[in-house]
Protein chains: 2
Amino acid sequence: MNQTKRKVKEQFHLFLSNKGLKGTLQRSLILDAFLDLDRSTHIDELYLILRGKHPNIGHATVYRALRLFASAGIAREINLGDGLTRYGVAGGRRHDYLVCNDCGTVTEFENGSIERYQAEVARSMGFTVQSLKIELRGVCNRCMAQAGRHS
Amino acid sequence: MNQTKRKVKEQFHLFLSNKGLKGTLQRSLILDAFLDLDRSTHIDELYLILRGKHPNIGHATVYRALRLFASAGIAREINLGDGLTRYGVAGGRRHDYLVCNDCGTVTEFENGSIERYQAEVARSMGFTVQSLKIELRGVCNRCMAQAGRHS
DNA sequence: CATACAATGACATTCACTTTCAAGCAGACA
DNA sequence: TGTCTGCTTGAAAGTGAATGTCATTGTATG
Ligand SMILES: [Mn+2]
Ligand SMILES: [Mn+2]
Ligand SMILES: [Zn+2]
Ligand SMILES: [Zn+2]
């Protein structure tokens, strides 16, 4: 268990205490699986991973845990309009997404200057910006290479 | 019925002919309601408006019609991650959204330079961009003014 | 017209997600 | 350590947007 992970788990424990909530085996297992993945994921992926080792864990519990992580500031909800809710680790402020239309891979990146400019445009329209999301859809280089090979 | 609307209806009629599909009273009524609104909307809003004058119109028919309009290039699907599919008139290439967290209003705008820059960043990561969506959430000036009045 | 087949609308179904509820468990306090 | 409160769990049922089914109706074309 690396340093970052230890810190997050501590942060979660503190969050629970402050809110009068309880630490449970399930929450610990789900948080471990989430942090160990180290990339954005959806609930079903986590659920299947967890069921492999802990067949008694409940579907609803995974949903509830991820929502809880989000409210604790540990996870970030990602909604890309495909009907699934994804979650990413909340460290940093990544909210720019490259979504491959071929393989579905989601790559996150950050670009501060574009955000500042974009927010400026919004302000000029009398809009107070609270959050910003940029979503690019296309073909990732891996899929592009594969397509070339088949032609 | 203004010039733009007449043109769109003609375009739709042509689309139907080319595909071997049929013009129906319902499709005409739904297209009228959609174009008359002249702002992005979700199916239920259209459905309620239509039910006022035409109580026999079906729920599924409105869904089917809007999907058809989209495939005809008349409507644009908008998905802002709240679980509802919105539709806007497809004229122009607006895909930048200001969403008010207070009143839910969706304002669309376009900003070509930001898009070109953003696409360049993506390309530099080996990603071939096919479409781009920018979503800013915050408070619109109307809601901001109201908040000020109450304080 | 007649005929072929697309479209409609009531209804059922899907799918991601949430809620319910009885049983279980965590943690505070004595 | 034991007790007690009430948070948590998991199975099952429910929710809500959207889509599929299918008998019936409507449309366009010859
Ligand atoms: Mn960013
Ligand atoms: Mn849904
Ligand atoms: Zn790909
Ligand atoms: Zn507003």
Side-chain angles (χ1 to χ4, degrees), chain A residues 9 12-34 40-48 50-72 75 77-87 104 106, chain B residues 9 12-34 40-48 50-72 75-87 104:
Chain A
K9 297 207 77 170
F12 184 54
H13 199 264
L14 225 87
F15 172 84
L16 292 176
S17 296
N18 289 338
K19 298 270 182 185
L21 305 178
K22 293 177 178 173
T24 66
L25 177 61
Q26 288 89 336
R27 284 174 179 171
S28 179
L29 291 171
I30 297 167
L31 185 50
D32 282 342
F34 176 60
S40 68
T41 183
H42 44 225
I43 260 104
D44 242 43
E45 186 179 22
L46 275 181
Y47 179 63
L48 290 176
L50 287 159
R51 286 295 284 220
K53 302 207 166 190
H54 314 277
N56 296 334
I57 207 156
H59 169 79
T61 303
V62 184
Y63 275 97
R64 288 189 281 234
L66 270 290
R67 263 193 306 172
L68 190 64
F69 299 165
S71 79
E77 267 192 32
I78 306 173
N79 205 308
L80 298 174
D82 58 356
L84 299 184
T85 303
R86 299 177 145 274
Y87 288 90
V106 177
Chain B
K9 297 206 76 170
F12 184 54
H13 198 266
L14 224 88
F15 172 84
L16 293 176
S17 296
N18 288 339
K19 298 271 182 184
L21 306 177
K22 292 178 180 174
T24 66
L25 177 61
Q26 288 90 335
R27 283 174 178 172
S28 179
L29 291 171
I30 296 168
L31 185 51
D32 282 341
F34 176 59
S40 69
T41 184
H42 45 111
I43 261 105
D44 242 42
E45 186 179 24
L46 275 181
Y47 180 64
L48 289 176
L50 287 159
R51 286 296 284 221
K53 301 205 166 188
H54 314 277
N56 296 334
I57 207 158
H59 171 78
T61 303
V62 183
Y63 274 97
R64 289 189 279 235
L66 269 290
R67 262 193 306 173
L68 190 63
F69 299 166
S71 79
R76 209 164 14 89
E77 268 191 32
I78 305 172
N79 205 308
L80 299 174
D82 57 356
L84 299 183
T85 303
R86 300 178 145 272
Y87 287 90

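Each chain gets a letter, A, B and so on, in the order its sequence line appears, and its residues count up from 1. Remember, predicted model here, so these are calculated numbers, not experimental data.
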May I ask you to say what A/Ile57 touches in the nucleic acid, namely base, sugar-phosphate or nothing, with a heavy-atom cut-off under 4.0 Å? sugar-phosphate
Under 4.0 Å: is that the gap between some side-chain N or O of B/Gln26 and OP1 or OP2 of C/dG9? yes
Distance test, side-chain N/O of B/Arg64 to OP1/OP2 of C/dA7, below 4.0 Å: no
Please determine whether any donor N or O and acceptor N or O are separated by less than 3.5 Å between the side chain of A/Arg67 and the base of C/dT19. no
Is any side-chain N or O of A/Thr61 closer than 4.0 Å to OP1 or OP2 of D/dT8? no
Atom CD1 of B/Ile30 to atom P of C/dA7: distance rounded to whole Å? 12 Å
Measure across A/Arg51 and A/Ile57 and return the closest heavy-atom pair with its distance rounded to 0.1 Å. NH1-O, 2.6 Å
Side chain B/Lys22 and base C/dA6 donor-acceptor under 3.5 Å: no
Can you tell me if B/Thr24 touches the phosphate of C/dT8, counting only side-chain N or O atoms and a distance under 4.0 Å to OP1 or OP2? yes
Locate the shortest heavy-atom distance separating B/Ile30 from B/Val62; write the atom from each residue and the value. CD1-CA, 3.8 Å
Let me know the distance between CG of B/Asn18 and P of C/dA6, rounded to the nearest Å. 16 Å
How many whole angstroms separate atom CD1 of A/Ile43 from atom P of C/dC17? 6 Å
So A/Leu50 and A/Tyr47, do their side chains get closer than 4.5 Å, heavy atoms only? no
Can you measure A/Leu16 atom CG to D/dC7 atom C1' for me and round it to whole angstrom units? 11 Å
Hey, does B/Asn56 reach any base, or is it just sugar-phosphate, or nothing, if we go heavy atoms under 4.0 Å? sugar-phosphate
With under 30° as parallel and over 60° as perpendicular, where do the rings of A/Phe15 and A/Phe12 fit, or are they tilted in between? parallel
Think B/Tyr63 has a side-chain N or O under 4.0 angstrom from the OP1 or OP2 of D/dA18? yes
Separation of B/Leu50 atom CG from C/dT8 atom C1', in whole Å? 14 Å
Using heavy atoms to find the nearest nucleotide of DNA chain C for B/Arg27 and A/Gly23 separately, return the residue whose nucleotide is more 5′. B/Arg27
Check the distance between C/dA7's C1' and B/Leu21's CG and give it to me in whole angstrom. 10 Å
